Student: 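The structure under discussion is supplied below as structure tokens; questions concerning it will follow.
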Amino acid sequence: MIHIEILCGIAIVSFLVFYHYFISAFNFWKNRGIPGPKPEFLFGNIKDIMLSKISTPMFIKNIYDTYTNEAMVGLYIGRNPILFLKDPELIKDVLIRDFSKFADRGFNVHEKVEPLSQHLFNLEPKRWRPLRSKLSPMFTSKKLKEMFHLILECGHHFENYLDQLAAQQEPVDFYEVTAKYTTDVIGSCAFGINMNAMSNEESEFRVAGRKIFEPTWNAIIRLKFKITMPSLYDFLGPLIPEREVTPFFIKIVTDAMKYRKENNVSRPDFIDMLMKLRDDSKSLSDIELTDAFLTAQVYVFFAAGFETGASTISNALYELAQNQKIQDKLREEIREHYDKYNGELIYENIKEMEYFDIIFTETLRKYPPGTLIPRRSISDYTFKDTNVTIPKGTMIWIPAFSIHRDANIYPNPDDFNPENFTEDAINNRHPMNYLPFSNGPRNCIGARFANYQVKIGLIMILRNYKVEVCEKTMIPYQFDPNLFLLGPKGGIHLKITKVES
């Protein structure tokens, strides 16, 4: 009995020591005069996110709206402090003016557990800088113009696929439909492979794409474990390795590079760029160009490109289905430009569609793919015109979604209003009040590509088809609390019908 009492005593003392160690961090923001919600033991301020009671977009919007007049809000993930930044001038300091102090996105690279996590989006500044400079030429206007015919070819396949869907006269889940189109686009432009996602329901690439973002319990637990306890995740992760997606992509990339080298094949795509990187490895002397590292760069282009493209197209259709006058006006502009260029769609043609551009921009205002922009300080930093100093390693959250839904910036922010992006409206706003692709040197490298992928997909739909709401349409829109990126709960179901040319 005495042994049990001793063990219980040790357990109680150990718990109390751990408890006090844990909550001792909760004075971090109070000591700096930064307001914020009261944190909880083990969770900090993200208990409802961890328990999937609230989606990330709504969580950050609630914080943003609660602390209306504050430039900064102090939060905690577990016992780790997070600075929630609202003031546009301070945001500009972090993203642009003092970028060198915040060049780290703050994501941890888990090379042993997740070999494909060592990609451009996650990398620490030491490897990110030289790699970004090498990959940037892949996303210039010149390179995009070279790839345009690859995207357009997928667009024409998409048009044929839509004919089949319209003939069925059934509600269509446009998130799934457009994901097939964007999967084929990324497959062609990144891997140089016809992925057949539209013609084959069991396309292995579409299956792999679903697995990347599918909110299974295993994926949800992994993600939340990784966010809250990254060091422990590195230690325990190898016990349950990811056995499907990683080996699949590594084999695809290495086989493609081997085939092209042996057969002297060249193509204006991402695989070609990686082969040039490997041949010029001396210029990246601080980076070990393993098969996994090279594959990781294509993987993130695939994962981010197909998912964000599909969600943006389907979200645009969701809004246009509820705003038929806007849809009709856009269709008229599309047809006018087809007539102007003798029924052809060319690179310059899309750039000239001004109304189309503000609809695309307004869609990304309401539904930015990333709800918040993370940064981590790489040195101690004092914010200008404040007494607030943060130590090296402090995480910053910039709430893009909340800024885009701020009624003081965008009147009636829950309405879909392309007039938010007329020239006068843009000039009257702070440039940091629109951040769908972040800003500064570490902005989204694929923003131009996303623009054309999304617009071609929408053109193929809206030129000859009308989309309308149906009994399965989710109104009001609900965000899935289990998704890492912003996404709908249960898909976006709409009715599609052919319209006269």
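Numbers for residues simply follow the sequence, beginning at 1. Bear in mind the structure is a predicted one, so any value in this text is a computation, not a measurement.
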Student: Between D272 and K276 (salt bridge meaning N to carboxylate O under 4.0 Å), is one present in this structure?
Tutor: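 The answer is yes: the pair qualifies as a salt bridge.
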Student: Quick check: does any side chain N or O of R365 sit under 3.5 Å from a backbone N or O of R405, one acting as donor and the other as acceptor?
Tutor: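 Absent.
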Student: Under the ring-ring contact (aromatic ring centres under 6.0 Å, His included) rule, collect the residues that match up with F437, sequence neighbours excluded.
Tutor: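 Partners of F437 under the ring-ring contact (aromatic ring centres under 6.0 Å, His included) test: none.
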Student: With sequence neighbours left out, what residues match F174 under ring-ring contact (aromatic ring centres under 6.0 Å, His included)?
Tutor: none
Student: Between the side chains of E124 and R105, is the shortest nitrogen-to-carboxylate-oxygen separation below 4.0 Å, so that they form an ion pair?
Tutor: no
Student: Please report the interatomic distance CG(L494) to CD(Q322), rounded to the nearest 0.5 Å.
Tutor: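 It comes to 8.5 Å.
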Student: Taking the six-membered ring of Y161, is NZ or CZ of K180 closer than 6.0 Å to its centre and within 45° of its axis?
Tutor: no
Student: Taking side chain as C-beta onward, heavy atoms only, is M273 less than 4.5 Å from P137?
Tutor: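 SC-SC contact between M273 and P137 confirmed.
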Student: Are R331 and D328 ion-paired here, with the side-chain N under 4.0 Å from a carboxylate O?
Tutor: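 The answer is yes: the pair qualifies as a salt bridge.
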Student: Listing request: all ring pair (Phe, Tyr, Trp, His ring centres under 6.0 Å) pairs with a residue in residues 322-352, at least two apart in sequence or in separate chains.
Tutor: F148-Y347, Y347-Y452
Student: Judged by atom type as modelled, is there a donor-acceptor pair below 3.5 Å linking the side chain of R376 to the main-chain atoms of M395?
Tutor: no
Student: Under 3.5 Å, side chain of R375 to main-chain N/O of G106, donor-acceptor pair present?
Tutor: no
Student: For K251, is there an ion pair with D291 - N to carboxylate O distance below 4.0 angstrom?
Tutor: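 No, this pair does not count.
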Student: Can any side-chain N or O of Q327 pair as donor or acceptor with the backbone N or O of L320 at less than 3.5 Å?
Tutor: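 Looks like yes, one N/O pair under 3.5 Å.
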Student: Give me the one residue out of I96, L95, V94, I378 that meets side-chain contact (heavy atoms from CB on, under 4.5 Å) with F102.
Tutor: V94
Student: Verify the ring-centre separation between F301 and F121: is it less than 6.0 angstrom?
Tutor: no
Student: Between F356 and F360 (judged by ring centroids, cut-off 6.0 Å), do the two rings come close enough to count as a pair?
Tutor: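 They do not qualify: ring centres at least 6.0 Å apart.
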Student: Does T312 use its side chain to pair, donor to acceptor, with the backbone of G309 at less than 3.5 Å?
Tutor: no
Student: Looking only at the aromatic ring of each residue, does the gap between the centers of F107 and W128 stay below 6.0 angstrom?
Tutor: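 That pair fails the under 6.0 Å test.
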Student: Is D163 salt-bridged to K498, cutoff N-O under 4.0 Å?
Tutor: yes
Student: Check whether any side-chain heavy atom of R442 sits under 4.5 Å from a side-chain heavy atom of S438, and report yes or no.
Tutor: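 Counting from C-beta outward, R442 and S438 never come under 4.5 Å.
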Student: Tell me whether K143 is salt-bridged to D269, with the criterion being a basic N under 4.0 Å from an acidic carboxylate O.
Tutor: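 The answer is no: the pair does not qualify as a salt bridge.
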Student: Of all heavy-atom pairs between T140 and R448, which one has the smallest distance, and what is that distance?
Tutor: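 Where T140 meets R448 most closely, the heavy atoms are CA-NH1, 3.9 Å.
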Student: Under 3.5 Å, side chain of N323 to main-chain N/O of E319, donor-acceptor pair present?
Tutor: yes
Student: Between CD1 of I409 and CG of N428, what distance do you get to the nearest 0.5 Å?
Tutor: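 It is 13.0 Å, given to the nearest 0.5 Å.
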Student: Would you call the rings of Y367 and Y318 parallel, tilted or perpendicular, taking 30° and 60° as the class edges?
Tutor: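 If you compare the ring of Y367 with that of Y318, the planes turn out perpendicular.
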Student: By salt bridge (charged side-chain N to carboxylate O under 4.0 Å, His left out), which residues pair with K61, not counting sequence neighbours?
Tutor: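 Salt bridge (charged side-chain N to carboxylate O under 4.0 Å, His left out) check on K61 returns D65.
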Student: Which pairs would a plain distance check flag for residues 429-436, meaning a side-chain donor or acceptor within less than 3.5 Å of a matching protein atom at least two apart in sequence or in another chain?
Tutor:
{"unit_1": "R429", "atom_1": "NE", "unit_2": "Y410", "atom_2": "OH", "d": "3.4"}
{"unit_1": "R429", "atom_1": "NH1", "unit_2": "N420", "atom_2": "O", "d": "2.8"}
{"unit_1": "R429", "atom_1": "NH2", "unit_2": "N420", "atom_2": "O", "d": "2.9"}
{"unit_1": "H430", "atom_1": "ND1", "unit_2": "M432", "atom_2": "N", "d": "3.0"}
{"unit_1": "H430", "atom_1": "NE2", "unit_2": "E89", "atom_2": "OE2", "d": "2.6"}
{"unit_1": "Y434", "atom_1": "OH", "unit_2": "T361", "atom_2": "O", "d": "2.8"}

Student: Is there a donor-acceptor pair under 3.5 Å between the side chain of N349 and the backbone N or O of L345?
Tutor: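 No: the side chain of N349 does not pair with the backbone of L345.
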Student: Listed by chain and number, what are the ring-ring contact (aromatic ring centres under 6.0 Å, His included) partners of W397, not counting sequence neighbours?
Tutor: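 So W397 forms no ring-ring contact (aromatic ring centres under 6.0 Å, His included) with any residue.
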